[in-house]
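For reference, the structure discussed in these notes is given below.
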Amino acid sequence: MKRIVVFASGSGSNAENIIKFFKHSKTAKVTNVLCNNAHAKVFERCKKLETKCLHFNKNDFSGSDTVLNILKNEADFIILAGFLWRIPQKIVTAFPNKIINIHPALLPKYGGKGMYGIHVHKAVKENNEDETGITIHYVNENYDEGAVIFQAKTELNSQDTPETIAEKIHLLEQHHFPKVIEEVILAIHE
Ligand code: GAR
């Protein structure tokens with residue numbers, strides 16, 4: 001049984017979906033959710049799902065080894081599900097090819113610092129894109145630059161707004177993210 005630690009910064013709909021997906025899995029389970037925002041909705045979601053959710057600050061993350069030590073004790077895989085801080089080098093080094101992020105656009109388009117959540121969808125709309133999508137990728141020390149594992153697309157039309165784009169992305173994330181995580185874990189098993 002592989003252990004997954006999820007990082008989230010906000011609502012946590014992806015964290016919730018991943019926890020539920022692996023609840024009855026023989027492959028992996030979510031052991032902990034780590035969150036840098038004490039007011040995030042993800043705490044409420046985890047409480048309902050009886051899953052541990054811990055708050056941490058910048059010092060725990062990059063100024064000391066507090067988060068690194070939690071991960072060393074509790075994680076085989078690390079999943080970034082709407083997590084907005086850059087992962088420190090020491091964590092990337094300790095978990096090579098074991099950290100996976102989801103980005104709400106078709107990278108390399110609309111990635112990098114400041115490109116998250118609704119900001120991504122606004123930029124997609126401003127550029128009149130006729131499609132967007134999700135990218136699931138390995139994490140390195142630069143924002144949104146690790147090797148791509150999976151992408152899925154959705155069509156856009158002139159009626160779409162940043163909010164409807166967010167809904168289309170949400171559907172893709174809910175459908176694909178847990179399955180892709182499971183596939184990666186199973187592939188590494190073999
Ligand atoms: C998701 O759409 C995720 O792809 C995005 O934030 C949202 C979090 O929603 N991530 C990024 O923008 C990372 N650059 P959630 O908290 O409900 O899972």
Side-chain angles (χ1 to χ4, degrees), residues 4-23 30 32-49 51-56 61 77-88 91-92 99-127 129 131-156 160-182 184:
I4 297 171
V5 170
V6 175
F7 281 78
S9 295
S11 169
S13 68
N14 281 285
E16 174 171 351
N17 191 36
I18 294 164
I19 293 165
K20 285 180 174 164
F21 181 91
F22 287 102
K23 227 161 193 154
V30 175
N32 204 341
V33 177
L34 300 180
C35 180
N36 60 313
N37 169 7
H39 307 291
K41 190 172 170 191
V42 70
F43 285 98
E44 212 178 296
R45 295 185 192 265
C46 287
K47 202 173 170 196
K48 283 194 187 133
L49 293 163
T51 299
K52 193 161 62 168
C53 189
L54 292 180
H55 174 253
F56 65 92
F61 197 41
F77 288 86
I78 298 166
I79 305 300
L80 310 185
F83 180 64
L84 302 183
W85 285 356
R86 184 144 48 104
I87 302 296
I91 295 180
V92 175
I99 311 177
I100 296 170
N101 181 45
I102 190 158
H103 187 78
L106 296 169
L107 290 174
K109 283 178 153 185
Y110 305 106
K113 195 167 163 57
M115 274 294 177
Y116 60 89
I118 200 73
H119 302 290
V120 175
H121 311 317
K122 279 183 179 160
V124 166
K125 174 70 190 168
E126 273 162 23
N127 284 328
E129 296 282 358
E131 63 177 20
T132 187
I134 58 169
T135 303
I136 298 170
H137 65 95
Y138 289 112
V139 170
N140 62 21
E141 61 287 352
N142 299 319
Y143 276 111
D144 304 328
E145 283 184 15
V148 171
I149 301 166
F150 175 88
Q151 291 187 309
K153 292 180 181 175
T154 183
E155 280 181 16
L156 300 177
D160 273 308
T161 62
E163 290 72 28
T164 65
I165 297 173
E167 281 165 24
K168 289 180 174 182
I169 291 297
H170 178 77
L171 291 178
L172 286 181
E173 293 185 335
Q174 294 284 304
H175 183 71
H176 292 288
F177 198 17
K179 287 193 217 170
V180 172
I181 295 166
E182 186 179 49
V184 169

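Indexing begins at 1, ligand by ligand and atom by atom, following the structure's order. Any value given below was found using the heavy atoms of this structure, including those in side chains, with hydrogens, waters and symmetry copies removed.
- Atom OH of Tyr116 has 12 or fewer neighbouring heavy atoms from other residues, nucleotides or ligands inside a 6.0 Å radius.
- A donor-acceptor pair shorter than 3.5 Å can be found between the side chains of Glu173 and Asn14.
- Within the structure, no pair that satisfies the salt bridge (Lys or Arg N to Asp or Glu O under 4.0 Å) test touches residues 5-14, not counting sequence neighbours.
- In this structure, the side-chain contact (heavy atoms from CB on, under 4.5 Å) partners of Pro88, at least two apart in sequence or on a different chain, are Phe61, Ser62, Lys90, Ile91.
- A donor and an acceptor atom, one from each side chain of Ser9 and Asn36, are located under 3.5 Å apart.
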Contacts table for ligand 1: protein N or O within a distance under 3.5 Å of ligand N or O, distances only.
from	atom 1	to	atom 2	distance (Å)
ligand 1	2 (O)	Glu173	OE1	3.0
ligand 1	2 (O)	Glu173	OE2	3.0
ligand 1	4 (O)	Glu173	OE2	2.4
ligand 1	12 (O)	Gly117	N	2.9
ligand 1	14 (N)	His103	ND1	3.3
ligand 1	14 (N)	Met115	O	3.4
ligand 1	16 (O)	Ser11	N	3.4
ligand 1	16 (O)	Gly12	N	2.7
ligand 1	17 (O)	Gly12	N	3.4
ligand 1	17 (O)	Ser13	N	2.8
ligand 1	17 (O)	Ser13	OG	2.6
ligand 1	18 (O)	Ser13	N	3.4
ligand 1	18 (O)	Asn14	N	3.0
ligand 1	18 (O)	Asn14	ND2	2.9

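- Residues meeting the side-chain contact (heavy atoms from CB on, under 4.5 Å) test with Tyr138, sequence neighbours left out: Asn97, Ile100, Ala147, Ile149, Val184.
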